[in-house]
There are 4 protein chains.
Amino acid sequence: MSDMMDTLRNEKNMTPKQIDILRAAVELIAEKGYYNTSTSEIADRAGVAEGTIFRHYRTKKDLLVAIVTPVISNFSAPLFAEQFVAQVFREAYATFKELLYAFIKNRFEFAQSNVPLIRILLQELAFHPEIQTVYKQQFSEKVYPALNQAIDFYKQKGELKDMPNETIIRTIVSTILGFMMTRFMLKPDQNWDDEAEIKQTIDIMMDGLGKV
Amino acid sequence: MSDMMDTLRNEKNMTPKQIDILRAAVELIAEKGYYNTSTSEIADRAGVAEGTIFRHYRTKKDLLVAIVTPVISNFSAPLFAEQFVAQVFREAYATFKELLYAFIKNRFEFAQSNVPLIRILLQELAFHPEIQTVYKQQFSEKVYPALNQAIDFYKQKGELKDMPNETIIRTIVSTILGFMMTRFMLKPDQNWDDEAEIKQTIDIMMDGLGKV
Amino acid sequence: MSDMMDTLRNEKNMTPKQIDILRAAVELIAEKGYYNTSTSEIADRAGVAEGTIFRHYRTKKDLLVAIVTPVISNFSAPLFAEQFVAQVFREAYATFKELLYAFIKNRFEFAQSNVPLIRILLQELAFHPEIQTVYKQQFSEKVYPALNQAIDFYKQKGELKDMPNETIIRTIVSTILGFMMTRFMLKPDQNWDDEAEIKQTIDIMMDGLGKV
Amino acid sequence: MSDMMDTLRNEKNMTPKQIDILRAAVELIAEKGYYNTSTSEIADRAGVAEGTIFRHYRTKKDLLVAIVTPVISNFSAPLFAEQFVAQVFREAYATFKELLYAFIKNRFEFAQSNVPLIRILLQELAFHPEIQTVYKQQFSEKVYPALNQAIDFYKQKGELKDMPNETIIRTIVSTILGFMMTRFMLKPDQNWDDEAEIKQTIDIMMDGLGKV
DNA sequence: GATGAATGAGCGTTCATTCAT
DNA sequence: GATGAATGAACGCTCATTCAT
C-alpha cells in the first residue's frame, strides 16, 4: 500500500490530509467505482471534512484524474524514451524472449503493488474522456513507438515471424493483460506459482510469435 | 440493429413500447454508461413517458439486467449443453484448429451484430453484483466445463501442449477478446481484412498452444 | 395579490403548484433578496417539494427571470407600439399635461398592485445580466421611441421647453420613480392623499418642463 | 481612486494591507455585488491571506459596513450640523437657486470621485439592515432637518412655492439622483457637457418648485 | 500581525421512483 | 396500459470563518 501511494506521490509536497484523501478515494473507487462513491464517503474514510477534498482537488473528477494519470505514466514508464530502446539496440537483451521476460517481471511487480490503481484505470477508462485523452497520448507517443522499434529490431534479427507489428503488439498486450487481470483481479485468492505461470505465458507467446 | 434486438427479445411477448425502451436504453448506455444515462433520457429517446419504463422494469437496474443477461447467455450459447461437446466427441471438427476457426467465425459475427450490447456488458460488469452473478454462473456452469472437456479431448489426441487447461483457456479467451475489442471498439474505423486477421490470430494461438 | 399573479400568469397553463411556487418566490425574494432566499425556503413556503421547483424552472435564476420579465413587459405595455403613439397623434390627449396625468394614473395603479414585483425588479436589476438584457431591449426598442415621438409632438405644439428629449425623459422618469418608490417602498404606511400628490407632482413637472 | 480611498480612510490608522483589502473589496463588490464576491477573491486581489481579512473585519458584513458607512456620512457631510444651516441663515447664498447650484456642484464632484462606493451603497442598501440603520439615522437626524430648515427659510423669503417640504425634498433628491445615476452609472461613456447639464437641471427644478 | 489549511453548514440541482388520473 | 407531475434523498460543491503555526 505504501508502494501504491508512492505511485501517486509523484507530485511535489502533499499534506498528510491530502494523502489520506487519496488513499481513501483509491480504496473506495477501486471497490465500488467512481459513480458509486460519494465525496462525503471519501471524506469520512479519510477522516477529513468534505470541504477539505475540494481544497486539494477542484472537482471530484479532478481527484479521479489525479489518481489515474500517474498510473498511466508509471505503467508505461519502463518503455520511456531512449532508455528502453537504447537498451534494446545496445543488445542488453540477448533475445526477444529475454526482453519479454524482463519486461513482464518488472510490470508484474508494479501491478502487484498497484492492484487498486490499475483496477480503477481499467474500470473508469471507458467513461471519462479526461482519462482517455491522457491514455491515448501516452500510448501513441510513448508505448507504441517504443514497442514498434523493438519489434522491428528483433524481426531483423530473424527472431519474430513476419506479421504486422500491430498484430504482434495486440497479442502480447492481450496475453499479458489477460494474465494479470486473472492473477490479480479475477482469481487473486487461487494458489499461484507466479514464476512458472510467467514462464509458461512467455513460452506460449514465443511459440506463437517467434520464428522457429 | 434488428439483429441486436433479436438478442434481447429472447423474452416472451414485448409490446412495441417495451422494444423502444430497450433500444433507447442500449444506445444510450452503450454510449455514455449506466450512471451517465438517466431514465428520463431513455424515456425521451424511446418516445415514452418516464413512468412507462417502470411499468415494464421495476427499477433502472432491472432494465440493465434485462439488457445484459441475454448477451451473456447468447454469447456462450454455442458452447451450451450437450450440443457443443457432443459435436466435439462426434469428431465434427477434424482438428482443434478447425474447432477454433468455427468457433471464432461464429462469435465474430455475433459480436459484429451486437457491439453495443457487448460494450455494455464489458463496461458494467465490474460495477453490478447482479450482473456478476449471472456471468459467473454462466461461465462456471456452462462455458468452462464445455471448454474443459473439449480441451481434454484434443489433448488426448495429442494436438495440444501439456499445460494446465486454465492457462490454455485464459490464453484463448484473452487473445480472442483482445482481437474483438480492438476490432470493434478501439479501432472500428481502421481498414480490416477480417478473414486474414482471424486466420493470423488462429495461427498464433495454434503455434503457441499446439503440439508440433 | 391575485392582481400580481395576473401579471405573472401571462404564460399559458400553469399548474396550481407552479402558482404556489411563484407566489412564494415573489414574497421571499421581495422581502429578502434573491441571494438571501434559498430554493428550500421557497419550496417550504409554497408547500411543495424542493425538486418540484426545478421541474418548472431549470434553475433558480430561471425562476427569477420568470418573475421579472413580465414586470418589465407589463410596466411599459401602455407605451407599446402604435396604440400609444397613435393616440397621441389622434390628439386623444388635449395637452401634454393630460397625457402625463393619464399615464401616471395608469402606472400608479399598476405599481400599487405589483409592489413586490417592482421591488424585485429594482433590487435585482443590477446583479443579473439576464435581466439587464431584457430590460435594455424593452427600454430602447419600446419605451424610449414612444416617449421620444410623443415629446417631439408636444414640442411642435409649443407645449414643452426647448431642451434635449433625453433630459425631459430623465426628469419625468426620475420624478415618477422617486414618487412611487417613496409612496410604495420607503413610506408605504404614511397617510397619503394619492390624488393630491399625483397632481402636485404633475404640476411641478409641467412648470419645470412646460412652456409658459 | 486615491480620492475614493480618502473617503474610506476616515478611520484611525490603517495598515497598508488593510487599505489593499478595502480597495480590492470596493472594486469587486461594486462590479459584482456583495453576494457574488467571495472573501477569497478579495484576499486574492488584495494580495493578502484570507485570514488577514478577518483580522481586520470580524465578518464579511463588517467589511461591507466599513465601506458603506463613510459614504453615507460623507455624502451628506456638507449638510451637517450647524455649518450648513448657519451659512443659509447668514445669507451666504443670495437665492435658493444659488444654494442649489453650490450644493449640486459640490456633490457632483464627490460622486465623480466615488462612483464605486456610491454604486455599492445604492445596490446593497436594500439587503442589509445594518446599512439601512446607518442610512436612516443619518437621513432623519442630519439631512432631513437641515434641508427642512433651509426650505422653510427660502419659503419665508417667498422663493419657493407653497407645497409640503417633503414633496420639495423628494423632487430635488429624485432629480439629482436621477441625473447622477444616469451620468455616472447608466451612460458614463456618453459625451456629457456637465456644466450645461447641471444648469439645465437646476432650471427645471427652479421652474418646477420656485415661485414666479 | 499574518498566514493558509481546515472546517462544516448550507446551497442548487439531479434523478429514480411513485401514484392519481 | 400509459402518463407525467410530484417527490425527497442524495449529491457535488462553495465559502465565511477558525486557529495552530
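Residue numbering restarts at 1 for every chain, and letters A, B, ... go by the order of the sequence lines. No experiment lies behind these values; they were computed from the predicted model shown. Just the heavy atoms: all of them, side chains too, but no hydrogens, waters or symmetry mates, feed the values below.
- In summary, the side chains of A:Tyr57 and A:Gln18 do present a donor paired with an acceptor at a separation below 3.5 Å, with no hydrogens or angles considered.
- Between the P atom of F:dG12 and the NE2 atom of A:His56 lies a distance of 18 Å, rounded to the nearest Å.
- Annotation: of the two residues near DNA chain E, A:Gly47 and D:Ala49, the 5′-most nearest-nucleotide partner is D:Ala49.
- Between D:Leu125 atom CG and D:Ile72 atom CD1 the span is 7.0 Å, to the nearest 0.5 Å.
- Taking CZ from A:Arg55 and NZ from A:Lys17, the interatomic distance works out to 12.0 Å, rounded to the nearest 0.5 Å.
- Comparing D:Gly51 and B:Glu50 by the nucleotide of DNA chain E whose heavy atom lies nearest to each, the residue mapping closer to the 5' end is D:Gly51.
- Rounding to the nearest 0.5 Å gives a distance of 9.0 Å between CD of C:Glu50 and CD1 of C:Ile42.
- Every residue was checked against the side-chain hydrogen bond (donor to acceptor under 3.5 Å, both in side chains) condition with C:Thr69, not counting sequence neighbours, and none meets it.
- Every residue two or more places apart in sequence or in another chain was checked for a salt bridge (charged side-chain N to carboxylate O under 4.0 Å, His left out) with A:Lys136, and none qualifies.
- How far CD1 of D:Ile53 is from CG of D:Asp62: 12.5 Å, rounded to the nearest 0.5 Å.
- Atom C1' of nucleotide F:dT14 and atom NZ of D:Lys60 are separated by 11 Å, given to the nearest angstrom.
- For DNA chain F, no neighbouring residue in residues 28-45 of chain C is found when judged by any heavy atom under 4.0 Å.
- Partners of C:Glu31 according to the salt bridge (charged side-chain N to carboxylate O under 4.0 Å, His left out) rule, which considers only residues two or more places apart in sequence or in another chain, do not exist here.
- If you look at C:His128 and D:Tyr35, their ring centroids are not closer than 6.0 Å.
- In this structure, NZ on D:Lys61 lies 7.5 Å from CD1 on D:Ile131, to the nearest 0.5 angstrom.
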Base-pairing string, 5' to 3', of DNA chain E - Watson-Crick or wobble, under 3.5 Å, | interstrand: .||||||||||||||||||||
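- The span of DNA chain E lying next to chain D, judged by atoms under 4.0 Å from heavy atoms, is bounded 5' to 3' by E:dG1 to E:dG4.
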